[in-house]
Structures are given as C-alpha cells and as structure tokens.
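Both counts, for ligands and for their atoms, begin at 1 and track the order of listing. All figures in this text were calculated on a predicted structure; none of them were measured in a lab. The analysis underlying the following values was restricted to heavy atoms, covering all of them including side chains, and did not include hydrogens, waters or symmetry mates.
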Amino acid sequence: LKKALSDGHKASDILNQCLIPAINLVGDYFSCQKYFLPQLMMSADTMRAGVDLLEPLLLTENTADAGPTVILATVKGDIHDIGKNLVAMMMKNYGFHVIDLGKDVDTDAIISAAMMHKADIIGLSALMTTTMQEMKNVIQAAHDAGLESKIILGGAAVTSDFAKEIGADGYSEDAVGAVELVKALMPEK
Ligand code: B1M
C-alpha cells in the first residue's frame with residue numbers, strides 16, 4: 001500500500017479498486033473451499049491494517065459533530081465489522097455525529113442508545129443471511145419503543161427489496177451511498 005501511495009495512487013482508489021475486491025475474492029474462495037477460516041481471518045486482519053493505513057488519507061473534511069446523530073451497529077450474532085467501520089469513517093468525514101456500538105450488538109442496546117442519544121438515524125449492518133433477519137427485530141423494537149429515528153440498512157447480504165420488505169427507511173450498498181442516504185432522509189440537518 002505504501003508503494004502504491006508513493007506511486008501516486010489515491011487512497012480511495014486503493015480501497016475501492018483493490019482492497020474491497022480482494023476481500024470479496026477471499027469470500028468467493030471461502031465459499032468454494034479453496035480458502036478456509038485461517039485464510040479468511042488473515043485476510044480480514046490484512047484488510048484492517050490496510051484500512052488503518054489509508055484512514056488518515058480518506059478523512060478530508062471532518063466538520064466534527066455538526067450533522068445528524070447516527071447510531072451504528074452490526075446486529076446481534078454477526079461479528080463482521082469491516083464494512084460498518086468504513087460507513088462510520090465516511091459519515092464522520094461528513095461531520096455526522098456517529099456513535100458506533102460495534103459488532104454483535106444486542107437489539108436492546110441499540111434501542112437504548114438511540115433513545116439516550118436521541119438518534120436521527122439508526123444504521124444497521126449485517127453480512128450473513130442468518131443475521132440479517134435480526135434487523136427486522138430491531139425495526140420492530142424501535143417501533144414498539146416509539147422511536148422516531150429513521151432506520152437504514154446495509155451489508156453484503158442485504159438488498160433494497162429486503163429493506164423495503166421489513167419496513168426500513170433506506171438501504172445503501174456502500175459507504176458513500178450511506179452518507180447520501182442520510183442526507184436525503186435528513187435534508188434539514
Ligand atoms: Co465471514 N462470511 N464469516 N468473516 N466473511 C462472509 C460474510 C461470507 C459471505 C463468506 C462466504 O461464505 N462467501 C459468509 C456468509 C454466508 C451467508 O450468510 N450467506 C461468511 C461466514 C459464513 C462467516 C463465518 C460463519 C465463518 C465460520 O466461522 N465458519 C464467521 C461468522 C461469525 C459470526 O459473525 N458470528 C465469519 C467470520 C469472518 C471473519 C471474522 C474471519 C472476517 C470478518 C472480520 C471483520 O469483519 N472484522 C470475515 C470476512 C472478512 C468475510 C468476507 C470474506 C468479507 C467481508 C468484508 O469485510 N467485506 C465475507 C465475504 C463477502 O462479503 N463477500 C464473509 C468488505 C466490506 C468492505 O464489505 O462488509 O459488505 P461489506 O460492507 C460494504 C457494503 O456492504 C456497505 O458498505 C461497505 C463498504 O462498501 N455496508 C453498509 C456495510 N454495512 C453497511 C451499513 C449501511 C450502509 C452500507 O448503513 C447502516
């Protein structure tokens with residue numbers, strides 16, 4: 001990565017054209033049993049180290065906490081957080097007030113945090129077909145608690161149709177799109 005940067009490649013191009021396609025390829029190799037869990041874990045560690053190196057270059061115009069308040073979490077049962085962390089970084093970059101609850105987060109913890117921080121947005125991430133079902137429980141719990149926060153979804157397993165079906169307010173397939181989605185939902189902020 002350092003060589004690519006010194007050769008003049010942009011950090012965002014390295015992320016979007018190399019790192020993300022590479023980790024997706026690892027996922028494909030895992031699916032067809034060319035790679036196994038150790039390779040999946042090593043690749044995830046490598047990806048994290050890469051994102052850490054690029055992060056200062058990806059952050060450009062942090063206007064610190066001026067925008068909407070966003071609670072972010074990877075839902076219960078799911079420990080994938082690379083994509084959610086990219087969403088958090090991009091949102092902070094646009095001045096959103098991001099409270100990142102981490103991964104494998106209980107529905108109750110998400111609802112409590114949204115109430116405590118008067119969240120404008122609850123952003124949920126899930127990477128597995130099993131755990132994306134948990135998103136529905138969060139939406140139901142938010143509704144039961146009378147929360148007015150808008151709920152947006154993302155993560156490799158999630159689709160726009162699924163988001164509509166379970167009553168989410170929006171879906172984005174990537175981190176930049178998530179920022180645009182929040183801006184569209186909160187035009188006054
Ligand atoms: Co796992 N894993 N994994 N894994 N892993 C997947 C998801 C899988 C598809 C691989 C495969 O089989 N091809 C598969 C799920 C299958 C399914 O459900 N259909 C899988 C599996 C099975 C598992 C385990 C069960 C393996 C095992 O233990 N036998 C286990 C899960 C344990 C658990 O969660 N309970 C497991 C574990 C792991 C690691 C820990 C090794 C590691 C994660 C490390 C980490 O996240 N800290 C890992 C990895 C790296 C992957 C793959 C290869 C890559 C995921 C990733 O980081 N992608 C993945 C394969 C794949 O997705 N193709 C796979 C890059 C990242 C930038 O993309 O997260 O999609 P993504 O985020 C994008 C967008 O989706 C979007 O923006 C991001 C940036 O563009 N986005 C949002 C994400 N969240 C958003 C929220 C938004 C908006 C947009 O609004 C709020």
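Of the listed residues (Ala156, Gly177, Gly170), the one carrying the non-hydrogen atom nearest atom 70 (O) of ligand 1 is Ala156. Among Gly77, Ala73, Ala178, the residue whose heavy atom lies closest to atom 35 (N) of ligand 1 is Gly77. The heavy atom nearest to atom 73 (C) of ligand 1, considering only Ser125, Gly83, Gly123, is found in Gly83.
Under 4.0 angstrom from ligand 1, the non-hydrogen atoms of Leu86 all belong to its side chain. Contact annotation for Glu173 and ligand 1: only backbone heavy atoms (N, CA, C, O) come within less than 4.0 Å of the ligand. At a heavy-atom distance under 4.0 Å, no atom of Leu181 approaches ligand 1. With a heavy-atom cut-off of 4.0 Å, Val87 touches ligand 1 through its side chain alone. At a 4.0 Å heavy-atom cut-off, ligand 1 does not touch Asp104 at all.
Considering backbone and side-chain atoms alike, Lys103 places every N or O at 3.5 Å or more from each N or O of ligand 1. In terms of polar-atom proximity, Asp28 is not counted as a contact of ligand 1, lacking any N or O under 3.5 Å from an N or O of the ligand. Not one N or O of Ile23 is nearer than 3.5 Å to an N or O of ligand 1, by distance alone. Ligand 1 has no nitrogen or oxygen under 3.5 angstrom from a nitrogen or oxygen of Thr130.
Excluding waters, the protein N/O/S atoms found under 2.8 Å from atom 1 (Co) of ligand 1 are His80 NE2.
Residue-ligand proximity, Asn24 to ligand 1, at heavy-atom distances under 4.0 Å covers atoms 61 (C), 63 (N).
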For Asn137 and Glu134, what are the C-alpha separation, side-chain angles and deciding distance, and is it a side chain to side chain contact (heavy atoms under 4.5 Å, CB included)? CA-CA 5 Å; Asn137 297 338; Glu134 186 63 27; 3.2 Å; yes
For the pair Lys3 and Asp7, evaluate salt bridge (charged side-chain N to carboxylate O under 4.0 Å, His left out) and give the outcome as yes or no after the intermediate values. CA-CA 6 Å; Lys3 166 97 172 64; Asp7 285 350; 2.7 Å; yes
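Under the side chain to side chain contact (heavy atoms under 4.5 Å, CB included) criterion, Ala163 pairs with Leu153, Ala168, Tyr171, sequence neighbours left out. In terms of the side chain to side chain contact (heavy atoms under 4.5 Å, CB included) criterion, residue partners of Asp104 (sequence neighbours excluded) are, by chain and number, Lys76, Ile79. Ser43 is linked by a side chain to side chain contact (heavy atoms under 4.5 Å, CB included) to Ile23, Val26, counting only residues two or more places apart in sequence or in another chain.
Atom 81 (N) of ligand 1 has its closest protein heavy atom at Gly155 N, 3.5 Å.
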